[in-house]
Amino acid sequence: MPTHSPITPLALALAREASQVAGGADAVAMLEPPANAEFGDLATNVAMTLAKQAKRNPREIADDLVGRIGSADGLAGYVESAEVAGPGFINLTLSPRWFAEAARAIAEAGDDYGRGQADPRERILIEFVSCNPTGPPHVGHARQAAYGDGVARILEYAGHDVTREFYVNDWGRQMELFGASVAARYGQLLGLATEVPEDGYQGGYVTAIAEKLRDEVGDRYRDQLDPPDAEVLALFALRGKELMLATITEEIARFRVRFDAFFSETTLHQGGAVERGLEALIASGDAYEHEGALWFRTTSYGDEKDRVLRRSDGSTTYLAADVAYHLDKAARGDDRLLDVLGADHHGYIARLRAVIAAGGHDPDMLEVPIVQLVSLTEGGEAKRMSKRAGTLVTLGELIDDIGVDAARFFLVQRSHETAFDLDLDVARAEGNENPVYYVQYAHARIAGILAQQPEAPADAGPPAELDPAERALLLQLALWPEVVHEAERRRSPHRVAAYLMDLARDFHAFYHRCRVVGEAPEVVAFRLDLLRATRSVIATGLGLIGVEAPDRM
RNA sequence: GCGCCCGUAGCUCAGUUGGAUAGAGCACCCGACUUCUAAUCGGACGGUCGCAGGUUCGAAUCCUGCCGGGCGCGCCA
């Protein structure tokens, strides 16, 4: 099954010929559709890149090369005409035979077209979202979820062995505060005057959890709340966390995001891993005592200042647990660790690299893609979001508002490294102004045609002539393998979303100019291959960003 | 002040081994349904690619400086 682009064999043949023209010099022929379709189907600048080492005029090289194309193996029969243009570009027009064979090959490869290009194939552990179990995931987490899951799917598609993990920060003062907040709401439900701590969690979801707890335990703890009993608070913290986590996993699953594991920070403390991590750092000279605290010498690894691991009061910091966690991850045998973090954590990268390096691993095994902020706009104005005021939009609310497909498409449409505004009015629209439907509609239209004309006539050769829209659509399909490859290398699902928009546009244009049902046999055969190929690439691409590809709309 | 990200059409943004006349969506305007889905298509409008230098056949892309915006800089997590 071919997973490569139908352009690849042409590029290889062209490079071979170019190398011979240039006296054996190494040649890599970049061969791609030109900016302007009037120049032809494909263009290459190989003559210009060879000009320097061959010490010849690029146009001269191009002329020689063009002279050989008509008889060159792998090019003859596929290239209809070749012209030299500008400073030394070579513009190629391809034959209907090439288009017909390419469409057939892509259609037959189906879901495998573009798959498995990772080189080398790696075992990759990707950690993302990892929001605290003290509240529901919000829009920022939604972007990280859409991004992380998209990256994971793309990595898997490329042939990597991927594990997805969610780190649960279920330890420390925040959990105590959370437990106290739940307990207070629970008390209120029983008619007590218990109050949520000043710096506690005020959101309405805390009350919802308290209600669930009341349903579970009734008024059993009523008399131990005022003043609060330590053991009861611990119990509320634990059960509250479990209920919160259940909500989080529920919303994440609804968002079509999958995790293989939820890793609890508490297990690191209780199992002694945190202490062992600190001892290892001390033993290797990476940690030292200063003013009663234990410091991690992260400056040795490029951080701007050293960081505290254990406070002078004896308690460990968040970093201490992260040391244990990352030493654990680094020792699992993965080739690469991906930590997807929000923009507000970018200062943490140096520390994490230090952990990996201090553990004796190559710090380059750790990659930390930073997902920039997303803000919501509605009615042309920024939607104010405040955790304190409880006006934060949660993942669940976003899904209820605009739907999973629109949310996932919009959140990965832009590069993760740029902050952007999500326009709720556009995302919510079920009409033509919503880009996600534009792509899905292309898929549904193809399904409609294929339902009417499922079988191609036998023994049909290539059509005599091609419509410009047919050429454009197939050439767009030919770019898919390079697009996924780039999305994999750059950890950039937005490349897939952008490509799907381009592909859908070429399809809709094709649809308007070219009919399928009732045309001449060789035309039907070619266009059916084209449709199957297009449907397959759209479905695969949408699948990689977690969006459904409906057959009817 | 230092670090990361960003500055491209009215708005939101694509554009990464440097390539020909810089693109899309939204908004606005003009056209196209007796046909396989008009959630569509065709056309028009819209640009000092933040500014100034540099590198070269060629720069939105690479380098330097400056201006502007977001985020971060804790013995918080």
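Naming: A, B, ... by sequence-line order, numbering from 1 per chain. The figures here come from the full heavy-atom set of this structure, side chains too, leaving out hydrogens, waters and symmetry mates.
OP1 or OP2 of B:rG15 has at least one side-chain nitrogen or oxygen of A:Arg490 nearer than 4.0 Å. Checking the phosphate oxygens (OP1, OP2) of B:rC4, no side-chain nitrogen or oxygen of A:Tyr348 falls inside 4.0 Å. Side-chain nitrogen and oxygen atoms of A:Arg505 include none within less than 4.0 Å of the OP1 or OP2 phosphate oxygen of B:rG23. OP1 or OP2 of B:rC4 has not a single side-chain nitrogen or oxygen of A:Gln372 nearer than 4.0 Å. OP1 and OP2 of B:rA77 both lie 4.0 Å or more from every side-chain N or O belonging to A:His345. Look at A:Arg311 and you'll find a side-chain N or O under 4.0 angstrom from OP1 or OP2 of B:rC76.
A donor-acceptor pair under 3.5 Å is formed between the side chain of A:Thr317 and the backbone N or O of A:Leu309. With A:Arg311 contributing its side chain and A:Val308 its backbone, the two residues share no donor-acceptor pair below 3.5 Å.
Counting any heavy atom pair closer than 4.0 Å across all strands shown, A:Ser312 reaches a base atom. Across all strands shown, A:Gln413 has no heavy atoms under 4.0 Å from either base or sugar-phosphate atoms. The residue A:Thr377 sits apart from the nucleic acid: no heavy atom pair falls under 4.0 Å. As judged by a 4.0 angstrom heavy-atom cut-off over every strand, A:Asn45 is placed among the base-contacting residues. Within 4.0 Å of A:Arg552, counting heavy atoms only, lies at least one base atom of the nucleic acid. As judged by a 4.0 angstrom heavy-atom cut-off over every strand, A:Ala444 is placed among the base-contacting residues. As judged by a 4.0 angstrom heavy-atom cut-off over every strand, A:Gln174 is placed among residues touching the sugar-phosphate backbone only. Contact annotation for A:Ala293: base contact, defined as any heavy-atom pair under 4.0 Å involving a base atom. Residue A:Asp322 is out of contact with every strand shown, counting any heavy-atom pair closer than 4.0 Å.
What you find for A:Val547 and A:Phe409 is that their closest heavy atoms are CG2-N, 4.0 Å. Taking all atoms of both residues into account, the shortest heavy-atom contact from A:Gly342 to A:Gln144 is CA-NE2, 3.6 Å. For the pair A:Thr298 and A:Arg351, the tightest heavy-atom approach, listed with the atom from each and the gap, is CG2-CG, 4.1 Å.
Protein atom CG of A:Asp303 is 18 Å distant from nucleotide atom P of B:rC2, rounded to whole Å. Between A:Ile349 atom CD1 and B:rG3 atom C1' the separation is 10 Å, expressed in whole Å. Spacing between atom OH of A:Tyr499 and atom P of B:rC13 amounts to 25 Å, rounded to whole angstrom units. Counting to the nearest Å, the P atom of B:rG7 and the CZ atom of A:Arg414 are 12 Å from each other. Distance NE2 (A:His508) to P (B:rU40): 6 Å, rounded to an integer number of Å. In this entry the distance linking CD of A:Glu519 with C1' of B:rC36 reads 11 Å, nearest Å. Residue A:Arg143 contributes atom CZ, which lies 9 Å from atom P of B:rC13 at whole-angstrom precision. Between A:Tyr437 atom OH and B:rA39 atom P there is a gap of 13 Å when expressed in whole angstrom units.
Comparing B:rC73, B:rC71, B:rU35 against the side chain of A:Glu304 picks out B:rC73 as the nearest. Of the candidates B:rU16, B:rU40, B:rC36, B:rC36 carries the atom nearest the A:Val516 side chain, counting heavy atoms from C-beta on. Comparing B:rA77, B:rA14, B:rC41 against the side chain of A:Tyr318 picks out B:rA77 as the nearest. Proximity note for A:Arg495 (side chain, C-beta onward) versus B:rC41, B:rC26, B:rG15: the nearest is B:rG15. Minimum atom distance to the side chain of A:Ala509 is reached by B:rC41, of the listed B:rC41, B:rA77, B:rC36.
For B:rA39, the base is not stacked against the aromatic ring of A:Tyr438, per a cut-off of 5.5 Å between centres and 30° between planes. Look at A:Phe89 and the base of B:rG19; the rings do not stack under the cut-offs of 5.5 Å between centres and 30° between planes.
Taking the C1' atoms as reference points, B:rC63 lies 12 Å from B:rA59, given to the whole Å. Remark: the separation of the C1' atoms in B:rC41 and B:rA52 is 45 Å, to the nearest Å.
Under the Watson-Crick and G-U wobble criteria, each requiring two contacts below 3.5 Å, nucleotide B:rA24 is paired to B:rU12. Judged by Watson-Crick or G-U wobble contacts below 3.5 Å, the nucleotide B:rC62 has B:rG54 as its partner. Across the strands present, B:rC73 finds its partner in B:rG1; the criterion is a Watson-Crick or G-U wobble pair with both atom distances under 3.5 angstrom. Of all nucleotides present, only B:rC6 satisfies the Watson-Crick or G-U wobble test against B:rG68, with each distance under 3.5 Å.
In terms of position on RNA chain B, the residue among A:Thr317 and A:Asn36 whose nearest nucleotide sits closer to the 5' end is A:Asn36. Nearest-nucleotide positions on RNA chain B place A:Lys305 closer to the 5' end than the other of A:Thr316 and A:Lys305.
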(request) Please test A:Glu482 against A:Arg489 for salt bridge (charged side-chain N to carboxylate O under 4.0 Å, His left out), starting from the C-alpha separation and ending with a verdict. (result) CA-CA 10 Å; A:Glu482 182 52 35; A:Arg489 280 184 287 115; 3.3 Å; yes
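For the residue pair A:Thr266 and A:Asp170, a side-chain donor N or O sits within less than 3.5 Å of a side-chain acceptor on the partner.
Side-chain rings of A:Phe166 and A:Phe263 stay apart, their centers remaining 6.0 Å or farther from each other.
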